[in-house]
Structures are given as structure tokens and as C-alpha cells.
Amino acid sequence: PPAHSRNDWIGPPDKHSNLRPVIFYVSPEESPLERRLREARQEAQACDQRFWARHNRAFRQEKEEFIYSRLKAKGLEMRDETGQKATLNAEEMADFYKDFLSKNFRKHMQYNRDWYKRNFTITFLMGQVALARALKWLRWKKKNVGN
Amino acid sequence: GLFVWHLKNTGIRQIPCQFVHLCRVANDRLITFQYFNFLKRMYVTQYNKDLSQRAKPKSDSIASPFRELQQLDQEKKVIHKIRPISPVHQPLSETSSRNELREVNSAAVAPVRAEAKEDRQWKEMKLRLDDLPGILARLSKIKLTALVVCTASAGFAMAPVPFDLTCFLLASLGTGLASCAANSINQFFEVPFDSNMNRTKNRPLVRGQISPLLAVCFAASCGVPGIALLTLGVNPLTGALGAFNIFLYTCCYTPMKRMSIANTWVGAVVGAIPPVMGWTAATGSLDAGALLLGGILYSWQFPHFNALSWGLREDYSRGGYCMMSVTHPGLCRRVALRHCLALIGLSTVAPVLDITTWTFPVISLPINLYISYLGFRFYRDADRSSSRKLFFCSLWHLPMLLLVMFTCKKSFLEKEDKGDLLGGNHGRAMEIRLP
């Protein structure tokens with residue numbers, strides 16, 4: 001993002017986590033409340049990135065292993081005559097999807113709780129910051145009108 | 001509906017998420033009757049845009065499926081580009097060799113490609129006022145909201161009372177606002193999950209086009225006036241139902257999606273409540289007719305959703321969503337078929353409750369039998385093509401069923417006649433009742 005910009009910038013989805021990274025703008029006159037908000041958002045971003053990158057990597061890996069083991073059981077190779085990667089159809093993959101979902105259920109429950117907590121905290125902080133900024137602006141206006 | 005008809009007739013077999021994406025893309029550009037001509041024109045203008053875009057240096061290293069197209073020389077004529085696109089697009093959708101289809105696909109690819117390129121850039125997180133209507137429309141899932149308002153209007157129209165235009169408009173507006181609020185909160189709750197699923201990764205909160213605070217404020221500013229409008233402008237019962245539905249959708253259905261497959265049943269109730277709200281808005285009471293209409297919509301949700309979810313199993317599994325199609329595939333198909341058949345039963349009950357005449361079960365039988373047949377095929381074959389057929393059928397089945405129901409509505413004047421044995425009062429009753 002350009003140096004003169006006074007806003008946050010959001011980028012394309014990350015390759016591993018599919019989440020979009022945000023570069024936060026640090027204002028020179030950042031109040032303690034605003035700093036709390038920014039740090040909370042940065043921490044949340046890091047947590048989410050860690051979780052989803054690891055989770056998606058595990059998914060891809062286990063999917064590969066599943067396909068490999070199923071193909072071996074059927075007596076086929078990973079690549080067919082044309083050199084294309086062999087895949088299983090959706091019905092065969094269904095067992096894997098069901099298995100993966102149940103294996104990761106507890107992990108998701110934990111993540112859900114954390115995500116909801118973080119989401120509410122950050123949004124509430126945003127509300128507080130917005131209110132503080134509005135009051136500051138009103139006070140500034142009153143001062144100017146008074147002058 | 002028109003859009004679906006066009007797609008069906010050309011036999012474009014898009015996977016559901018692409019279909020939805022295309023819907024969104026097309027809708028963003030205001031679909032018209034001359035869909036193909038429109039796309040042809042768009043295709044040319046998008047190409048002109050792309051030709052100038054290629055002059056920019058490639059700043060991203062993320063491989064795009066259309067990379068080879070970007071590396072073509074400037075001097076290459078537009079005509080030559082048509083051919084490279086079709087084979088690239090081939091693996092994404094099974095197209096026939098018809099030129100018309102290829103053109104449409106290329107034209108469909110062009111806007112998708114332009115959007116994909118835009119997606120790879122860093123964007124400033126600044127809210128622009130002229131983008132706001134589009135962003136809020138997507139946040140509130142405006143098309144789904146429109147469908148919900150339609151079902152509520154159907155409920156209102158089927159109620160056996162004189163038609164009151166003000167009440168009708170207030171009820172529709174209130175329901176629409178409530179639906180906007182519920183949808184916005186739903187998206188607010190699901191940002192990281194939406195980012196990871198193909199169908200939902202272009203939502204406004206995912207893309208950072210709007211802040212979560214603004215989304216919540218928007219939801220509140222829709223929900224509160226919406227429910228107030230329903231409670232004060234229509235009647236408290238409708239307002240209560242609206243508030244309950246928002247609660248059910250945001251606080252029950254949305255979290256339950258990640259906890260248990262029972263979420264589908266809760267979601268079906270959420271879909272069934274709007275017509276009930278329409279009915280109570282008109283009559284002020286919850287009678288059998290309201291419950292029947294709710295029942296019809298409740299049953300419809302199952303073939304609709306189960307068929308849709310069949311093609312999304314990978315995304316649901318990775319995203320951690322507990323859906324029948326992933327964990328209990330047999331149950332998924334059984335339930336879909338069961339409820340298709342239930343629709344036949346419910347249509348037969350309608351005349352018994354004096355809501356419609358006996359022509360309704362007769363006329364609706366063909367479409368109900370057809371969707372049941374597709375439900376049976378889905379149950380037996382359990383593959384992508386049968387699930388898609390069932391899903392697309394459900395999209396036109398519901399509007400048609402409601403339309404037929406309305407045309408077969410038992411006029412409340414007839415009911416007055418039936419209950420009025422004294423011939424002398426007959427004329428007077430009519431005078432009083434007619435607006």
C-alpha cells in the first residue's frame with residue numbers, strides 16, 4: 001500500500017488459509033483505545049491465519065492419502081496413461097468427507113467459540129472507537145463554533 | 001426465474017456454485033430479456049478493457065487459470081482469443097460443441113476473468129458511497145430477501161379476507177427489512193467460513209468492503225424498524241413472528257450449522273415462517289390455513305436444500321459444516337424424497353381446509369409428481385446430475401405451485417354464501433363485504 005494512505009489495506013486471499021490479509025494503518029495520533037482495537041484485529045488475523053492454513057493443509061494432505069490408498073486398493077496408479085492425475089468421483093470421496101468432518105469436529109467447536117468471542121470483542125471495540133471519534137469531532141466543532 | 005429458464009434451455013451445465021456466481025455476475029449487470037445479445041455486447045466491451053489492462057505489469061505471483069491468455073501479444077486480434085478461452089473453460093463446465101454455447105461461455109468467462117483479476121489486487125479499505133448500495137444489497141442477500149417477501153405476499157394473498165393494499169405493503173416491507181437484518185447478521189457471524197467456501201467467498205465482509213461494525217449497524221437499522229413496522233403497522237402477532245424468525249435464523253440456525261445436522265430442520269422452519277407471517281398480517285390470527293402454507297414451504301425446503309448441498313460436500317467437509325449430505329447421505333436423499341411426496345399430500349389438504357377449490361390438487365398434481373419423480377431419481381442415483389436436476393426443478397416448482405394455489409383460491413364470498421342459508425341476506429352480505 002502507498003505510504004501516504006491513511007486507511008487499512010486488504011489483499012487477495014491467502015493461498016493456504018483463503019483469508020484476506022489486512023495491513024493496518026497506524027495513525028501517529030492513535031489513542032490507547034484505537035491501539036487496543038488494532039492489536040486485537042492483528043491478533044485475530046494471526047489466529048485465523050494459523051488455524052485455516054494448518055487445517056486446509058491437513059485436508060489436502062489427507063485427501064491425497066485417501067485417493068492414493070483407494071487407487072492402490074483398486075489396483076490403479078496415481079497417474080493414468082495420459083499422465084493426468086487420477087481422481088475419484090464424488091461418491092467415492094464421500095467417505096473421506098464424512099470421516100474428515102467427524103475427525104475435526106472438536107477442533108471446529110473450539111475454533112467456533114474463539115471466533116465468536118473475538119468477533120464480538122472486535123466489533124464492540126470498533127463501536128467504542130467510533131463513538132470516541134464522534135465525541136471528539138463534536139467537541140472540536142463546538143470549540144470552533146465558539147471561536 | 002427467467003434467468004433459470006434461459007440457462008436450462010441452453011443446457012449449460014454449470015456446477016451450483018458457478019451458477020450462483022454467474023447469477024450474481026449477471027445480476028450485477030441487470031439481466032435483460034435479450035440475455036445472449038446482452039452478453040455478446042458485454043463480451044466486446046470487456047475485451048476492450050482487458051486489452052488495455054494487459055499493458056500493466058504483472059505484480060502478483062499467484063497463478064491464475066487464465067494466465068496464458070494474459071501473455072498473448074498485443075497485436076493478436078480479438079478473434080483469435082475466442083478459441084484459447086473455450087478449452088480453458090472446458091474443464092470447468094461440460095459444454096456441447098454448439099457455437100452459441102461456446103460464445104455464451106466465453107462471454108461468461110470474460111466478466112468472471114475480469115473479476116478474478118481485480119480480486120488479486122490490494123484494495124484500500126475505504127467505503128465509497130456509490131459502492132454502498134451494491135454492497136448492502138449483497139450483504140442483505142437481496143435476491144433471497146425478494147424471494148422471502150414473495151412467499152410472504154403469497155401467504156397474504158391466500159388469506160380469506162378482503163385485500164387491504166396498505167396492510168399488504170406494510171407487511172411486505174416489514175418482512176423484507178427483517179430478512180435483510182437476519183441475512184446481514186448471518187454474514188457477520190460467518191466471515192472466515194465464507195472465505196473458505198467457493199460459493200460464498202465473494203461476500204462483502206469477506207472482501208473487506210464493509211466493516212463488521214457497519215454490518216451490525218445496518219442489520220439493526222433494518223431489523224428494528226422492520227419489526228416495529230410489523231408490530232405497530234400490521235399486528236403484534238406478525239411482529240412477534242418476524243422477531244422470532246430473525247432470532248431463529250441468526251442465533252439458532254447459523255451456529256447450529258457447525259454443530260449438528262438438525263440445522264436443516266431449523267432452517268426449514270425459518271423458510272416456512274414468512275408465508276405464515278403474510279397470512280397473520282391479513283387475518284390477524286394463526287389458523288389452519290397459515291399452518292398449511294407454512295407446511296408447504298417447510299416441505300419444499302428439503303428437496304431444495306438437500307439437492308443443493310449434494311454438490312457442495314467437499315466445501316462443507318473442509319469448512320466444518322455439519323450437513324446431512326456429508327454425514328448421513330442416505331438420510332439426506334430419503335428426507336428429500338419424503339418431503340416431495342409430502343407436498344402432494346399437503347396440496348390435497350388445501351381444499352379440505354377451504355383454502356382452495358378441489359381443482360388445486362388436480363392441477364398441481366403434475367408438477368408435484370414431477371418433483372417427486374426427480375426426488376426419487378436423486379434417492380436412487382445419488383449423483384451430481386440428479387441432484388442438480390432436483391435443485392433446478394425446485395426453483396421453478398415453488399413459484400408455480402404458489403401461482404396455481406392463488407388461481408384456485410376459494411373466494412371468501414363463496415364461503416359466505418355457503419354459510420348463509422337465508423337467501424335474503426345474501427345480497428346484503430355482498431354489499432357489506434365488497435370494498
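Computed from a predicted structure; not experimentally measured.
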Given heavy-atom pairs under 4.5 angstrom as the criterion, report whether the side chain, backbone, both or neither of [X] touches chain B.
X: A:Met109; result: side chain
X: A:Arg60; result: neither
X: A:Asp8; result: both
X: A:Phe59; result: side chain
X: A:Ser17; result: backbone
X: A:Ala58; result: neither
X: A:Phe120; result: side chain
X: A:Lys63; result: side chain

Pick from B:Lys126, B:Glu314, B:Met259 with the largest number of heavy-atom pairs that fall under 4.5 Å of chain A | B:Glu314
Determine the option with the most heavy-atom pairs under 4.5 angstrom with chain A, choosing from B:Pro329, B:Pro212, B:Ser211, B:Gly208.
-> B:Pro212
Would you give the length of the straight line joining atom [atom1] of [X] to atom [atom2] of [Y], rounded to the nearest 0.5 angstrom?
X: B:Leu312; Y: A:Tyr97; atom1: CG; atom2: OH; answer: 11.0 Å
X: A:Ile122; Y: B:Leu213; atom1: CD1; atom2: CG; answer: 12.0 Å
X: B:Leu214; Y: A:Met126; atom1: CG; atom2: CE; answer: 10.0 Å

Backbone of [Y] reached by a side-chain donor or acceptor of [X] within 3.5 Å:
X: A:His108; Y: B:Arg258; answer: no
X: A:Asn119; Y: B:Phe188; answer: yes
X: A:Lys98; Y: B:Thr327; answer: yes

Geometric class of the A:Tyr111/B:Phe193 ring pair [parallel <30°, tilted 30-60°, perpendicular >60°] |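 It falls in the perpendicular class, over 60°.
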For a 4.5 angstrom cut-off between non-hydrogen side-chain atoms, does [X] reach [Y]?
X: B:Glu124; Y: A:Ser5; value: yes
X: B:Met125; Y: A:Val22; value: yes
X: A:Arg20; Y: B:Ser195; value: no
X: A:Ile10; Y: B:Arg207; value: no
X: B:Pro255; Y: A:Asn112; value: no
X: A:Ile23; Y: B:Trp122; value: yes
X: A:Asn18; Y: B:Arg318; value: yes
X: B:Cys322; Y: A:Phe105; value: yes

Atom of B:Tyr316, atom of A:Leu101 and distance for their closest heavy-atom approach =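 In this case the closest contact between B:Tyr316 and A:Leu101 is O-CD1, 4.0 Å.
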Check the pair B:Val191, A:Trp115 against side chain to side chain contact (heavy atoms under 4.5 Å, CB included), reporting the backbone distance first and the verdict last.
-> CA-CA 10 Å; B:Val191 180; A:Trp115 153 252; 3.9 Å; yes
What part of B:Val216 lies closer than 4.5 angstrom to a heavy atom of chain A: side chain, backbone, both or neither?
-> side chain
